[in-house]
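Below: one structure, written as structure tokens.
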Amino acid sequence: MSNPLSLYNSLTRQKEVFEPLHAGYVGLYVCGPTVYSDVHLGNCRTFTSFDIIYRYLMHKGFKVRYVRNITDVGHLTDEGEDKMSKGARLAKLEPMEVAQRYTVGFHDMMREFNNLPPNIEPRATGHIIEQIEMVQQILANGLAYEANGSVYFDVAAFNEKHGNEYGKLSGRKIDELLAESRELKAQSDKKNPSDFAIWMKATEDHILRWNSPWGEGFPGWHLECSAMSTKYLGEEFDIHGGGNDLKFPHHENEIAQNAGSCGCGGARYWLHTNMLLMNGRKMSKSDGNTITPQQLFTGDSPHVTDSYSPMMLRFFMLQTHYRSPMDLTDEALQAAKKGYQRLTEAWANLQELEGLGGAQNGTVGKELTEGLAAAYAEMDEDFNTPKALAKVFELVSRINALKGGQLSLKEVSKETLEDFKKGLGTLLFDVFGLRDEGEAAGASGETLGKVMDLVLDLRAQARAEKNWTMSDKLRDALNDAGIIVKDGKEGAEWTVG
RNA sequence: GGUCGGUUGGCCGAGUGGCUAGGCUCAGGUCUGCAAAACCUGCUACAGCGGUUCAAAUCCGCUACCGACCUCCA
């Protein structure tokens with residue numbers, strides 16, 4: 001926890017030094033998915049970004065409570081229909097069955113990407129009481145009004161009372177919002193177009209419904225995050241995150257609801273991740289510009305020429321800053337795949353320097369220590385993973401040179417080497433959250449290893465006898481089987497490519 | 001139409017008022033029986049036009065283009 005951590009606060013639009021509300025503790029809330037369909041690849045990017053943020057906060061020594069909700073009610077579709085009940089009707093399933101199915105699918109996908117589970121994963125339907133209470137508070141404060149069984153947040157009244165706070169996060173001007181005479185149908189109950197529902201009256205065919213002081217209905221989408229974040233993290237807490245497409249109206253309304261109910265600030269730092277694009281455009285199902293995580297894993301899509309593993313994709317994400325849009329193209333993925341291989345091979349090479357090392361440090365030893373420190377330091381600059389990764393790649397060259405003999409291990413002390421291994425491993429696996437896929441080879445890997453030892457031993461014999469025909473035959477045959485042989489100073493090595 | 005953000009070398013992608021990003025590709029070299037890998041070297045960019053400055057890709061203005069949000073969205 002030595003160096004200060006800076007992060008970009010969307011609320012103030014600048015980088016700020018992070019200071020937790022309570023020393024040593026961090027409350028982190030991230031808007032989770034709506035579980036009415038399979039996870040979108042963009043979700044994966046956002047939650048992976050926050051996973052790295054979560055991991056780094058823990059690495060800094062903070063005790064973090066990470067809350068990420070599951071939205072299983074209240075989120076309206078274009079047709080004004082609840083997403084959960086829509087999915088249910090189409091599939092002839094209970095809403096909770098739909099929610100369960102996609103929640104499980106979501107968790108599976110998070111595991112694929114090696115995202116740690118949050119500490120609390122509250123469901124909107126499990127917090128109806130809290131949400132009703134919040135509506136009551138807002139009503140009691142005179143910042144909402146009931147109309148025809150629904151309750152609307154009164155933006156104009158809120159702004160009068162709270163010094164024109166509404167619009168602060170998204171940079172929207174209340175006058176423009178009010179003046180915006182959008183031709184919205186069925187908004188007759190609202191006083192102003194900018195008002196939003198915090199409780200919705202259930203129509204007759206609406207499946208998900210609860211009793212409330214205003215009749216049967218269900219909570220507005222924006223309300224759940226206000227209710228659940230404050231329940232688990234307090235009326236004021238440290239960090240709130242989400243995709244930047246949620247800034248308005250979702251997060252803006254959330255802030256208003258928090259202030260409108262308890263008069264408290266909510267989150268102090270707002271972090272927003274940028275969108276995932278494909279071929280320079282927004283992913284969209286309607287025009288075919290879309291790809292699922294599964295399709296990337298298998299390569300079964302017209303948009304890609306190859307398959308990409310979850311960890312390779314995670315690496316790809318690390319190469320772009322979380323606040324920049326990330327453009328998914330096959331060409332970029334290809335480049336990243338090779339870069340990722342280079343990184344994992346360097347890590348494997350480093351492990352082979354086991355038990356070696358000189359008596360004291362020369363230039364190389366210092367470079368390793370300083371380079372690693374520089375990589376960590378970049379994480380303190382608003383979680384700058386691309387820059388941290390750049391530092392790591394400078395270290396990759398050093399590692400490979402040590403392995404290849406271009407640099408001497410005498411230049412690196414035993415202690416430095418061991419510290420370096422540990423420190424780099426922590427950065428790659430604990431902070432970046434990459435998984436050492438090499439270790440997961442399992443029993444079949446062991447068998448293959450033994451066979452390969454034998455084959456390479458035979459090939460070495462052939463080479464010693466200058467029997468190049470035999471030697472090359474073995475190499476080519478292995479190549480056909482997808483095994484790449486590399487001849488080094490210390491004999492041949494192989495990788496499954 | 002309104003609001004906000006972006007435009008970096010062959011591709012991707014960081015970044016700071018003056019000093020090397022990094023990955024991939026490409027070219028040359030070292031090593032090697034050959035190849036691959038690895039290592040070394042090179043390829044030196046910041047949309048256009050103006051302005052501020054001793055100095056700008058980095059600050060300001062205008063233009064062009066792209067994107068996001070304004071309606072469900074991570």
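Letters A, B, ... mirror the listed sequences (proteins, then strands); counts begin at 1. Note that this is a predicted model, so its numbers are computed, not measured.
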Is the ring centre of F47(A) less than 6.0 Å from the ring centre of F106(A)?
yes
Please confirm whether the ring centroid of H321(A) lies under 6.0 Å from the ring centroid of Y8(A).
no
Counterpart residues, side chain to side chain donor-acceptor pair (under 3.5 Å), relative to E411(A) (two or more places apart):
none
Applying side chain to side chain donor-acceptor pair (under 3.5 Å), can you list everything that pairs with T273(A), at least two apart in sequence or on another chain?
T46(A)
Take T469(A) and V396(A), find for each the nucleotide of RNA chain B with the closest heavy atom, and name the residue whose nucleotide sits nearer the 5' end.
T469(A)
For L277(A) and K247(A), take the nucleotide of RNA chain B holding the closest heavy atom to each; which residue's nucleotide lies nearer the 5' end?
K247(A)
Using the [atom1] atoms only, state how far [M] lies from [N], rounded to an integer number of Å.
N	M	atom1	answer
A27(B)	U44(B)	C1'	15 Å
G29(B)	G10(B)	C1'	22 Å
G18(B)	A57(B)	P	11 Å
G5(B)	A74(B)	P	24 Å
C70(B)	U63(B)	P	26 Å
G17(B)	U7(B)	P	15 Å
A21(B)	C60(B)	P	23 Å
C69(B)	U16(B)	C1'	29 Å

Restricting to salt bridge (charged side-chain N to carboxylate O under 4.0 Å, His left out), what partner residues turn up for R111(A), sequence neighbours left out?
D108(A)
Watson-Crick or G-U wobble partner for [N], using a 3.5 Å limit on both distances?
N	answer
G50(B)	C60(B)
C26(B)	G42(B)
G17(B)	none
C4(B)	G67(B)
G33(B)	none

Test for a donor-acceptor pair under 3.5 Å between the base of G5(B) and the side chain of N274(A), counting only N and O atoms.
no
Pair up each side-chain donor or acceptor in residues 470-478 of chain A with any protein partner under 3.5 Å, not counting sequence neighbours, and list the distances.
from    : atom 1 : to      : atom 2 : distance (Å)
S471(A) : OG     : R459(A) : NE     : 3.4

All N/O contacts under 3.5 Å from nucleotides 35-37 of chain B to the protein, with atom names and distances to one decimal?
from   : atom 1 : to      : atom 2 : distance (Å)
A35(B) : N6     : D487(A) : OD2    : 3.1
A35(B) : N1     : R475(A) : NH1    : 3.4
A35(B) : N1     : D487(A) : OD2    : 3.3
A35(B) : N3     : R475(A) : NH1    : 3.0
A36(B) : N1     : D487(A) : O      : 2.9

Base, sugar-phosphate, or nothing: which does [X] touch, judged by heavy atoms less than 4.0 Å apart?
X	result
G404(A)	nothing
S397(A)	sugar-phosphate
K466(A)	nothing
G280(A)	sugar-phosphate
R13(A)	nothing
L276(A)	base
G42(A)	base

Less than 5.5 Å between centroids and less than 30° between ring planes, does W468(A) satisfy that with G33(B)?
yes
Whole-Å distance between [N] [atom2] and [X] [atom1]?
X	N	atom1	atom2	result
L407(A)	U30(B)	CG	P	19 Å
M109(A)	A74(B)	CE	P	15 Å
L402(A)	C31(B)	CG	P	20 Å
F315(A)	G22(B)	CZ	P	14 Å
H251(A)	C69(B)	NE2	C1'	13 Å
N289(A)	G67(B)	CG	P	11 Å
I53(A)	A74(B)	CD1	C1'	13 Å
E252(A)	U71(B)	CD	P	13 Å

Can you list every salt bridge (Lys or Arg N to Asp or Glu O under 4.0 Å) pair that touches residues 303-321 of chain A, not counting sequence neighbours?
D51(A)-R314(A), D306(A)-K337(A)
Contacts satisfying salt bridge (Lys or Arg N to Asp or Glu O under 4.0 Å) that involve residues 315-331 of chain A (not counting sequence neighbours) are R323(A)-D382(A)
Please determine, by modelled atom types, if [X] and [Y] share a side-chain donor-acceptor pair under 3.5 angstrom.
X	Y	result
D238(A)	Y29(A)	no
Q257(A)	S226(A)	yes
E254(A)	H240(A)	yes

Please name all residues satisfying side-chain contact (heavy atoms from CB on, under 4.5 Å) with H40(A), sequence neighbours left out, ordered by chain then number.
N43(A), M283(A)
C39(B) OP1/OP2 closer than 4.0 Å to side-chain N/O of N400(A):
yes
Can you see if the side chain of R398(A) gets near the phosphate of C40(B) - specifically, an N or O under 4.0 Å from OP1 or OP2?
yes
Starting at the 5' end of nucleotides 9-20 of chain B, put B wherever the base has a protein heavy atom under 4.0 Å, S where only the sugar-phosphate does, and a dash everywhere else.
--SSSSS-----
